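It should be emphasised that the depicted structure is a prediction, and the values quoted were computed from it without experimental measurement.
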Amino acid sequence: MHEVNTGTMERQLEATRLESSTSSCFFMERKTQVKINRKKIMLAKLRKSCSCTPRKMKNIIMDFFPVLRWLPKYRCKEYIWGDIMSGLVIGIILVPQAIAYSLLAGLKPIYSLYTSFFANIIYFLMGTSRHVSVGIFSLISLMVGQVVDRELLLAGKPNTTAFNFTIGGTSVESLTFVAGVYQVLMGIFHLGFVSMYLSESMLDGFATGASLTILTAQVKYLIGIKIPRSQGHGMLIITWINIFQNITQANLCDVITSAICIVVLVTAKELGDRYKHKLKFPLPTELVVIVVATLVSHYGNLNELYASSVSGAIPTGFIPPKVPCFDLMLRVAVDALPLAIISFAFTVSLSEMCAKKYAYTIRANQEMFAVGFCNIIPSFFHSFATSAALAKTLVKTSTGCQTQVSGVISAMVVLMVLLFLAPLFYSLQKCVLACIIIVSLRGALRKFRDVPARYHVNKVDTLVWIITMSASALISTEIGLLVGIIFSMLCIIVRTQQPRTALLGQIQNTNFYEDDLEYKNLSSVPKVKIFRFEAPLYYANRNYFLKSLYRLTDLDPNLEAARRKKYEKKEQQQLKKGDQTSANGLGMEETIVQLVPKQIDFQAIIVDCSSISFLDTTGVNTLKEILKDYKELNISVLLACCNPSVIDSLKRGGYFGKDFGNMQELLFYSIHNAVQFARDLNVPADLPKPHSPMSFLVLPTNY
């Protein structure tokens with residue numbers, strides 16, 4: 001045992017024993033940690049944040065409006081044509097999508113057009129991503145539509161036409177305002193990290209489940225039947241029941257139109273995907289379909305002759321702004337929370353994806369502010385909640401987008417429709433809009449084909465996807481989101497509660513050790529068991545740690561100690577009676593052997609702590625407990641590969657004794673150092689005498 005002297009500054013040193021191949025020893029000395037005065041730091045930060053200088057005010061304004069930083073540096077000759085092209089393409093795509101997604105939101109098409117216009121302008125001013133397309137999004141439109149339907153139902157006006165301008169509009173404006181307030185508050189309190197708890201599998205499952213709900217909601221428009229939009233849990237199943245009950249009322253004109261539109265749209269999408277490397281920009285298939293369908297419907301009088309449902313009048317210009325109804329805000333406050341989280345999560349994930357691809361950085365909290373104000377400000381102008389959309393973002397990047405100037409170009413295209421072209425869509429059939437929505441879901445619905453590959457990569461993530469998708473589709477989107485988050489966290493907890501455990505063997509002719517069940521040709525270390533626990537050791541997995549250790553080493557020290565005490569007590573009773581025969585009818589020499597039913601083939605346990613990231617109080621006490629229990633059986637417990645935070649926890653918990661005097665005999669830098677130390681352990685040579693009460697001690701193997 002080596003002694004570590006304290007320095008002149010009376011600091012405590014932590015030394016870790018290392019042994020080289022020449023058996024010489026040296027120590028690793030921990031750096032002295034400088035004590036941080038957190039109070040002074042907090043006061044300094046507070047003074048800095050409360051100070052007001054012209055330079056600081058300028059930085060605050062430029063951080064809040066990132067456009068002030070990058071627009072003066074805009075390379076016009078290099079960027080302008082790419083931005084104009086991508087802006088025009090997205091604008092052309094936005095118009096038909098805006099009109100179509102109004103069906104999902106249960107509102108007039110003018111709402112979607114307003115939303116697309118204001119979102120692009122505000123994100124241009126406040127966003128930090130150069131490439132994402134912010135505006136209407138199918139999942140957000142669906143969640144908005146569910147609130148609209150509920151409010152109309154409470155008002156006694158079922159939304160059978162899907163277009164109600166007063167009651168539905170009022171609730172949407174309040175919902176959008178509250179969602180924006182949530183997002184701004186999350187930005188103020190730096191809660192951008194919340195999106196980290198939304199795993200990729202959970203978000204994919206949520207999107208797929210919501211896509212099934214969206215598809216179901218559009219079927220009635222495809223075949224031209226009039227049924228109320230279902231409310232509450234189980235909407236998907238109830239809607240399909242209503243569809244089959246009313247299938248005989250299907251409108252033949254709408255069915256034929258839907259079949260033609262779907263064939264054209266799917267064919268164009270497949271050809272576009274196949275030859276996208278040859279196309280400079282995507283084919284504006286949706287716009288062509290809408291123009292042709294509108295002309296056919298208008299000149300064929302499909303509404304008058306065949307009772308085909310059409311979009312109706314779309315007003316031009318801007319409706320006067322209106323303050324959201326504050327009385328409704330409390331009613332929609334709960335609905336706004338998942339809306340705010342999903343909107344932010346998709347926006348940040350897409351922003352990070354683009355930033356990584358094109359080598360720049362974004363600020364998550366500023367994205368929270370940008371999306372929040374994309375909801376708050378437009379809520380005064382008859383708009384609903386917004387988010388970044390994957391499909392339009394991919395189109396934007398593929399058509400040469402360089403900056404958010406392209407968003408301004410897209411907003412100008414929408415503005416042209418708002419001011420002049422909106423009335424031209426009067427005769428557009430709703431079934432055509434439903435076809436555009438359904439075909440846009442191809443990407444999400446194709447996730448079902450990826451299930452086998454996903455299962456092969458990670459079974460737990462596949463289960464998260466299935467559970468979230470099923471809950472989102474069969475119960476409701478809000479419940480599906482909640483179920484997905486909870487189930488994802490439970491999976492993490494279960495993984496740490498029942499982690500992988502193993503006994504290690506030595507790789508031949510090396511100083512390395514690996515799982516004996518996973519690798520061939522490993523050598524067991526004589527008289528040593530090496531136990532690996534692949535998780536943090538804390539209160540929730542303490543029992544699993546002990547059970548695994550006892551099972552793999554085939555020795556429970558508590559049971560062994562209790563058994564020996566029991567036999568010791570019986571032998572003492574026999575000795576008092578003067579009988580040399582034990583309670584089991586054997587002589588004392590034979591009893592000594594009987595006290596150990598099987599030979600214990602090890603004298604040291606090495607715990608590989610390389611995968612233990614932290615210890616709580618229960619974890620420290622657990623290690624102290626096994627140290628004490630095995631010591632009673634003359635078995636040493638050695639710790640190897642501990643990280644500094646684990647060592648600090650052990651020191652604070654008193655694991656190494658007073659003044660850390662036992663540290664060099666209990667803690668080792670590597671498994672091999674611990675193995676070498678265990679081989680050099682001195683095994684007690686004195687054996688208990690036949691009549692000694694200490695006869696329960698483990699016998700040496702050479703007895």
Output all residues satisfying side chain to side chain donor-acceptor pair (under 3.5 Å) with [X], sequence neighbours left out; order by chain, then residue number.
X      : answer
Thr477 : Gln146
Thr386 : Asn375
Trp240 : Thr216
Arg363 : none

Centroid-centroid distance, Phe318 to Tyr114, less than 6.0 Å:
yes
Does the structure place the NZ or CZ of Arg130 under 6.0 Å from the centre of the six-membered ring of Tyr360, at an angle of no more than 45° from the ring's axis?
yes
For [X], side-chain contact (heavy atoms from CB on, under 4.5 Å) partners two or more places apart:
X      : result
Val334 : none
Leu125 : Phe65, Val67
Arg69  : Asn59, Met62, Asp63

By the side-chain hydrogen bond (donor to acceptor under 3.5 Å, both in side chains) test, which pairs, at least two apart or in different chains, include something from residues 346-357?
Ser351-Glu367
What pairs meet the side-chain hydrogen bond (donor to acceptor under 3.5 Å, both in side chains) rule with one or both residues in residues 458-467, with sequence neighbours excluded?
Asn458-Arg495
All ring-ring contact (aromatic ring centres under 6.0 Å, His included) counterparts of Tyr182, not counting sequence neighbours:
none
List in chain and number order the residues that pass ring-ring contact (aromatic ring centres under 6.0 Å, His included) with Phe64, two or more places apart in sequence or in another chain; answer none if no residue qualifies.
Phe369, Phe373
Quick note, salt bridge (charged side-chain N to carboxylate O under 4.0 Å, His left out) partners involving residues 189-210, not counting sequence neighbours, are Asp204-Lys447, Asp204-Arg454
